[in-house]
Amino acid sequence: MSNRGSNYSQPSPSGHFGQHGGRFVAETLIHALDELEALYATAKTDPEFRAELADDLTHYVGRPTPLYFAKRLTAELGGAQVYLKREDLNHTGAHKINNCVGQILLAMRMGKSRVIAETGAGQHGVATATVAARMGLECQVYMGTVDIERQASNVYRMKLLGADVVPVHSGSRTLKDALNEALRDWVTNVDNTHYIIGSVAGPHPYPMIVRDFQSVIGQEARSQCLQQAGRLPDILVACVGGGSNAMGLFYPFVDDVDVRMVGVEAGGLGLATGRHAAPLNDGVVGVLHGNRTYLMEDDDGQIIETHSISAGLDYPGVGPEHSYLKDIGRAEYDAVTDEEAMAGFRLLNRTEGIIPALESSHAIAWVAKHAHDLPEEQIVIVNLSGRGDKDIHTVASIDGITL
Amino acid sequence: MTRISDRLALLRKQTRTALVPFITAGDPNLDVTVPSLHALVRGGADILEIGIPFSDPEADGPVIQAASERALANNVRLADVLDIVAGFRGEDADTPIILMGYLNNVLRMGFTTFTERAAAAGVDGLIMVNLPPEEAGELKRALESRNMDLIFLIAPTTTDERMRLIDRMASGFIYYVSLKGTTGANHISLDSVAENVTRLRQHTQLPLLVGFGIKDGPTARAVAEHADGVVIGAVLVNRMGELADSPDDIPEALYHRLVEIRQALDA
């Protein structure tokens with residue numbers, strides 16, 4: 001929620017990021033989006049709201065998170081200096097909580113008694129269940145049955161926190177279908193329910209609100225880097241599914257035009273196979289889940305099933321601001337495969353004693369591929385968006401082990 | 001004037017309530033749709049609404065979702081939907097046809113191409129569930145150039161100010177969504193419909209058709225006290241789902257179901 005002078009002013013008042021974004025939803029939801037937009041416009045400049053949010057981020061979430069120089073990883077890669085922004089050390093184990101503590105305050109101000117969320121990896125579901133428990137609100141989380149299976153521990157965490165996890169059996173039974181089902185719930189219960197979208201996706205004003213709440217990552221990283229290294233970083237790297245952790249890291253650096261921003265999509269089995277979740281690398285512009293953005297679709301405009309080893313990246317769309325940053329050339333978007341992500345996962349286990357989420361392992365994998373070719377004086381900040389405890393069953397099964 | 005507004009003007013003169021059945025194109029296969037549409041006209045349909053199958057029908061309840069899935073399992077494409085309309089037009093040049101769906105399929109075909117092909121096939125109007133008026137200018141201009149209506153939805157949550165905005169963009173008729181929910185929901189409130197339709201009449205001269213959650217003759221009749229027409233979808237599509245394994249029986253079953261509703265409306 002930075003108010004500094006900027007050359008970059010997105011989205012437009014109508015919620016567009018260039019040709020992307022906007023508000024493509026059923027008429028029933030427009031009023032709720034207008035209400036949320038108006039409330040947020042007031043809240044973001046309200047000193048009381050800002051103080052409450054800052055206090056929660058400090059004392060409940062545990063911020064600031066460290067910017068950690070990964071010495072052994074850097075030595076092993078033999079190139080640029082790698083710093084990790086430790087979002088895995090937040091309460092609940094990922095960056096998702098940054099947005100949830102903000103949105104639950106908005107829900108309370110709107111007088112809603114119930115919150116809903118979609119989740120893929122379960123981190124956003126856990127974060128939503130957490131803040132709902134803390135505020136005493138009813139909570140339902142929609143989750144595809146494929147993801148329920150591969151993220152079982154997070155499902156149980158949500159239940160412990162008092163949330164009702166609703167299995168979604170439709171379509172590909174992953175994150176996109178959970179989002180459809182959450183939208184159906186919201187259209188039905190819009191009077192008493194706030195929908196806490198977990199990524200920088202969905203209809204306006206969500207991409208803006210989630211970005212703003214997540215931008216604490218980049219604000220901290222920027223000042224920490226200045227303090228610890230005496231200068232700005234050269235490259236920012238973050239994984240991109242919907243893209244909230246990446247947007248949170250990138251946004252406060254948008255005007256620092258010498259800082260490269262690299263988003264890493266899920267390359268799945270390889271871009272050439274079509275079995276991936278990399279719309280910015282291999283998609284077309286379309287409309288899904290309330291906004292216009294790059295999507296993975298067939299030549300009839302049907303959304304196609306994506307594939308990623310990581311549930312949190314297994315999504316056919318991407319936040320509209322990333323699509324815009326790609327179009328204007330401010331950020332670049334690459335992809336790494338499941339296999340490369342697994343290698344990145346193990347590399348960080350071994351060199352730094354950190355078990356990253358499979359999502360974040362994609363960002364590690366990009367650095368592992370490229371750091372060697374970058375000059376030693378360069379500084380790379382990798383967003384370590386979440387911890388990997390939730391993924392140990394997936395990794396164990398790859399290793400042929402049943403826990 | 002379009003075929004839709006002509007038909008609604010005629011019905012108003014006759015003081016007859018417009019009956020608009022909805023089925024999904026290609027559900028459960030491509031061959032059954034055209035005979036089903038003719039059966040619906042024989043059963044008393046005044047306007048036909050045909051769903052374009054979409055992979056992510058976020059505003060639809062389980063019944064219409066399942067219809068989309070059955071159609072997509074047969075690889076039904078937007079071009080097939082237009083072929084269905086053209087096939088129907090071979091025997092019926094009069095009954096107005098509206099396509100209803102989500103923006104992405106039309107966007108992918110391209111607004112200009114879609115408009116040309118839809119006009120050539122005999123489509124009269126389009127409902128895009130996830131296209132509010134603020135985003136609809138380009139598609140509206142394209143459709144207008146070929147004398148097709150872009151039909152907008154108004155919901156119980158729509159403010160008076162937005163009703164006026166939508167009225168300025170709309171043509172043909174306004175589709176009032178009877179409840180907060182998805183298609184086929186079970187909680188229609190006749191009081192709320194009456195109140196909101198009355199409110200809406202203050203802001204538009206266009207005919208008002210009401211849909212979502214109308215499942216039987218008595219409910220249709222009660223809604224018709226306030227509206228110029230009713231849209232019936234999930235109850236028909238549900239029957240099609242039940243008969244998915246014997247698709248030849250579908251047109252006759254749809255005919256009987258619609259006759260019941262027509263008789264209740266006209267009683």
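Numbered from 1 within each chain, the chains take letters A, B, ... in sequence-line order.
- Nearest approach of B:Phe54 to A:Leu288, heavy atoms of both residues: CZ-CD1, 4.4 Å.
- A donor-acceptor pair is defined here as one N or O able to donate and one able to accept, closer than 3.5 Å; such a pair exists between the side chain of B:Asn104 and the backbone of A:Val287.
- By the neighbour-count criterion of 12 heavy atoms within 6.0 Å, atom CD of A:Glu35 is densely surrounded, having more than that number from other residues, nucleotides or ligands.
- Identified by a heavy-atom distance below 4.5 Å to chain B, the contributing residues of residues 165-173 of chain A are A:Ser170, A:Gly171, in residue-number order.
- If you tally non-hydrogen atom pairs under 4.5 Å between each of B:Ile154, B:Thr159, B:Asn105 and chain A, the highest count goes to B:Asn105.
- Within the 4.5 Å cutoff, side-chain heavy atoms of B:Asp56 are placed close to those of A:Asn180.
- Both the backbone and the side chain of B:Leu78 come within contact range of chain A, with heavy atoms under 4.5 Å apart.
- Residue B:Pro62 does not touch chain A at all, counting heavy-atom pairs closer than 4.5 Å.
- For B:Leu72, the part lying near chain A is the side chain, with the backbone staying farther off; criterion is any non-hydrogen pair under 4.5 Å.
- Looking only at side-chain heavy atoms (C-beta outward), B:Glu58 and A:His289 come within less than 4.5 Å of each other.
- When the heavy atoms of residues 294-305 of chain A are compared with those of chain B, the residues falling under 4.5 Å are A:Leu295, A:Glu297, A:Asp298, A:Asp299, A:Asp300, A:Gly301, A:Gln302, A:Ile303, listed by number.
- For the residue pair A:His16 / B:Glu135, a side-chain donor-acceptor distance below 3.5 Å is found, with atom types taken as modelled.
- When each of A:Gly290, A:Ala26, A:Ala182 is checked for heavy-atom pairs under 4.5 Å with chain B, A:Ala26 comes out on top.
- Atoms CD and OH, on A:Glu27 and B:Tyr175 in that order, are 13.5 Å from each other to the nearest 0.5 Å.
- Atom CZ of A:Arg109 is surrounded by more than 12 heavy atoms from other residues, nucleotides or ligands within 6.0 Å.
- A heavy-atom distance below 4.5 Å is not found between the side chains of B:Lys180 and A:Val187.
- The local environment of CD in B:Glu161 is sparse, with at most 12 non-hydrogen atoms from other residues, nucleotides or ligands closer than 6.0 Å.
- Ranked by heavy-atom pairs under 4.5 Å with chain B, the first of A:Arg292, A:Glu181, A:Lys176 is A:Lys176.
- Distance alone, capped at 3.5 Å, is enough to place a donor-acceptor pair between the B:Thr157 side chain and the A:Thr28 backbone.
- More than 12 heavy atoms of other residues, nucleotides or ligands lie within 6.0 Å of CD in B:Glu242, so this atom counts as buried by the packing criterion.
- A:Arg184 places a side-chain N or O within donor-acceptor distance of the main-chain N or O of B:Asp60, the cut-off being under 3.5 Å.
- For B:Thr158, the parts lying near chain A are the backbone and the side chain together; criterion is any non-hydrogen pair under 4.5 Å.
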